[in-house]
S.K.: 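Okay, here's the structure, questions in a sec.
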Amino acid sequence: MSNQANAPGRWFRFHLWLHRWTSLIATIPFLVLCITGTILIFHEEIEEALGEVPVSQHAAETPQRPASESIANVLAAYPDERVLSTGLDPEHHPGVMLVVTGPKEARSFEGAKLRFTDLVTAQPVGDPDPGMTFTGFLLELHAEWFLGPIGELIGALIALLVFLSLVSGIVVYAPYVRRIAFGMLRRGKGSRLLQLDLHNFIGAVVLGWALVVTVTGFLLGFNSVAIGVWQMTELGHLREEANRMEPVDARHPPVDVDRAYAIAQEAAPAGWTVSTMVYPLTEFSTPRHYTALLVGNQGVDERLFRVVIVDAKTGEVPIVPEVPAYIKAISLSQPLHFGDYGGLPLKLLWTACTWLTLFITVNGAWLWWDRRRKRQAVPAGVPA
């Protein structure tokens, strides 16, 4: 009977310990994530204001040159490079094509250069070597801690610590709310009680948002792992077949990029548009095939992508592979994590929730430090 009576106490103390230490361990990295995440919520507005992505100076109805002319001009300007992929985003960057390049022998996108061309003139535009942009720097810090895939896993671990802190905080808060009315702030009874009330009240207000952002952040931490699994499975099987076929010149494939776009678009389901074309002989394609990435035009499809494989020699479509469920889950996590699927009002809501969460993170660390300081100030033998 005594053990049963003590069980709730042990349960509460365990979650109090878990809440305290997961929060403290995650405090500093979580502060960095909150600050960088707040800025990244407005990455589109910042990129436009800083001119990080060039814009076309021509009217929308002006006829455009074939994309292959843009590619030819980029390769002429940078003869020691090859094209790794091209990208089109008519909604956000009309009239401009992104051309990702690397050394002639490159297969990886690591260290690749971003080139932009005006589709009306087919000429390169913008800084020929922009390097890392301000938002790109923040994204690499936020998502990878400048450590690549290992940094993504570290981010997932931080998200797990925050998730455990939130769940254990619910258990710790439950008996508190039975004694104190929700939202009540006990003024005039010392700064510690006021800060504790603020911590509990704000924590309860942003709890749902914090759980969503934490869970999606955890999933995004496995982005590189998920892509690696896809490369070894679905793409790996296609590579094995391609290795038995005659390879193509990856710098100048027989099927040019315009034809590859048209073929992929023809094979695309209704409502899907080709946005990215990965050239043959890269980490995301085979020595023989283009990999076309398609985005949807409405609803949830806008946040997902599909894949179409195009033979760079014959123009055939040997396969339209199904995107695995685990990659779809990660794709849907990104807009939820950054709040960029509902326009400016949702971005402002995400910002407010982020800064409230930042406050309770700092406030919780202060509560722990203040309690520890007072305990150390009590003389030996005197109850704390």
Side-chain angles (χ1 to χ4, degrees), residues 11-42 138 141-142 145 154-221 333 336-339 345-375:
W11 176 258
F12 178 85
R13 287 194 300 273
F14 167 74
H15 281 85
L16 180 61
W17 174 88
L18 184 64
H19 181 71
R20 177 182 299 136
W21 288 107
T22 52
S23 301
L24 287 172
I25 293 171
T27 293
I28 293 178
F30 190 64
L31 290 177
V32 174
L33 292 175
C34 283
I35 295 171
T36 56
T38 301
I39 300 173
L40 287 170
I41 289 172
F42 300 95
L138 291 180
L141 171 59
H142 185 90
W145 297 94
I154 292 174
L157 176 60
I158 295 169
L160 178 61
L161 290 173
V162 175
F163 177 79
L164 292 174
S165 172
L166 293 170
V167 173
S168 58
I170 296 172
V171 177
V172 172
Y173 181 62
Y176 168 89
V177 78
R178 287 197 293 265
R179 299 194 309 269
I180 306 295
F182 179 74
M184 179 179 178
L185 303 179
R186 290 171 287 181
R187 299 182 179 87
K189 295 187 177 182
S191 60
R192 178 176 175 78
L193 277 179
L194 177 60
Q195 291 296 324
L196 179 62
D197 290 341
L198 283 171
H199 184 84
N200 291 329
F201 172 63
I202 296 175
V205 168
V206 300
L207 177 62
W209 172 88
L211 286 171
V212 168
V213 172
T214 301
V215 172
T216 54
F218 178 78
L219 291 175
L220 287 170
S333 294
L336 283 172
H337 189 74
F338 288 107
L346 194 65
K347 290 183 178 183
L348 294 174
L349 174 62
W350 246 241
T351 301
C353 290
T354 302
W355 282 97
L356 287 173
T357 305
L358 184 63
F359 169 79
I360 63 173
T361 301
V362 176
N363 157 276
W366 180 87
L367 286 169
W368 170 81
W369 175 82
D370 182 64
R371 185 183 184 196
R372 181 180 175 86
R373 177 180 60 83
K374 289 180 178 178
R375 281 187 170 183

S.K.: When rounded to the nearest 0.5 angstrom, what distance separates CH2 in Trp209 from CG in Leu349?
M.R.: 9.0 Å
S.K.: Please name the pair of heavy atoms, one in Ile360 and one in Gly203, separated by the smallest distance, quoted to 0.1 Å.
M.R.: CD1-CA, 3.8 Å
S.K.: Give a yes or no on whether Trp17 atom CH2 has more than 12 heavy-atom contacts from other residues, nucleotides or ligands under 6.0 Å away.
M.R.: no
S.K.: Over all heavy atoms of both residues, which pair between His19 and Val172 is shortest? Give the atoms and the distance, please.
M.R.: CB-CG2, 4.5 Å
S.K.: Distance from Leu358 atom CG to Thr27 atom OG1, nearest 0.5 Å?
M.R.: 10.5 Å
S.K.: For the CD1 atom on Ile170, are there more than 12 heavy atoms of other groups (residues, nucleotides or ligands in this structure) within a distance under 6.0 Å?
M.R.: yes
S.K.: Nearest 0.5 angstrom please: Thr214 OG1 to Leu219 CG, how far?
M.R.: 11.0 Å
S.K.: Please give me the minimum heavy-atom distance between Ser333 and Thr216, naming the atom from each residue.
M.R.: O-CB, 3.6 Å
S.K.: How close do Thr38 and Phe42 get, heavy atom to heavy atom, and via which atoms?
M.R.: O-CD1, 3.5 Å
S.K.: Can you give me the closest heavy-atom contact between Leu211 and Leu166, atom names plus distance?
M.R.: CD2-CD1, 3.8 Å
S.K.: Parallel, tilted or perpendicular for His142 and Phe338, by the 30°/60° rule?
M.R.: tilted
S.K.: Calculate, to the nearest 0.5 Å, the distance between atoms CG and OG belonging to Leu164 and Ser23 respectively.
M.R.: 9.5 Å
S.K.: Do the side chain of Ser165 and the main chain of Leu161 share a donor and acceptor less than 3.5 angstrom apart?
M.R.: no
S.K.: How far does CZ of Phe30 sit from OG1 of Thr361, to the nearest 0.5 angstrom?
M.R.: 4.5 Å
S.K.: More than 12 foreign heavy atoms under 6.0 Å from CZ of Phe163: is that the case here?
M.R.: no
S.K.: OG1/Thr354 to CD1/Ile35 distance, rounded to the nearest 0.5 angstrom?
M.R.: 11.0 Å
S.K.: Answer yes or no: is there a donor N or O on one side and an acceptor on the other, between the side chain of Trp350 and the main chain of Leu336, under 3.5 Å?
M.R.: yes
S.K.: Any chance you could lay out the side chain to side chain contact (heavy atoms under 4.5 Å, CB included) test for Leu356 and Phe359, step after step, and finish with the verdict?
M.R.: CA-CA 5 Å; Leu356 287 173; Phe359 169 79; 5.5 Å; no
S.K.: Where do Ile158 and Pro29 come nearest, in terms of heavy atoms and distance?
M.R.: CD1-CB, 3.5 Å
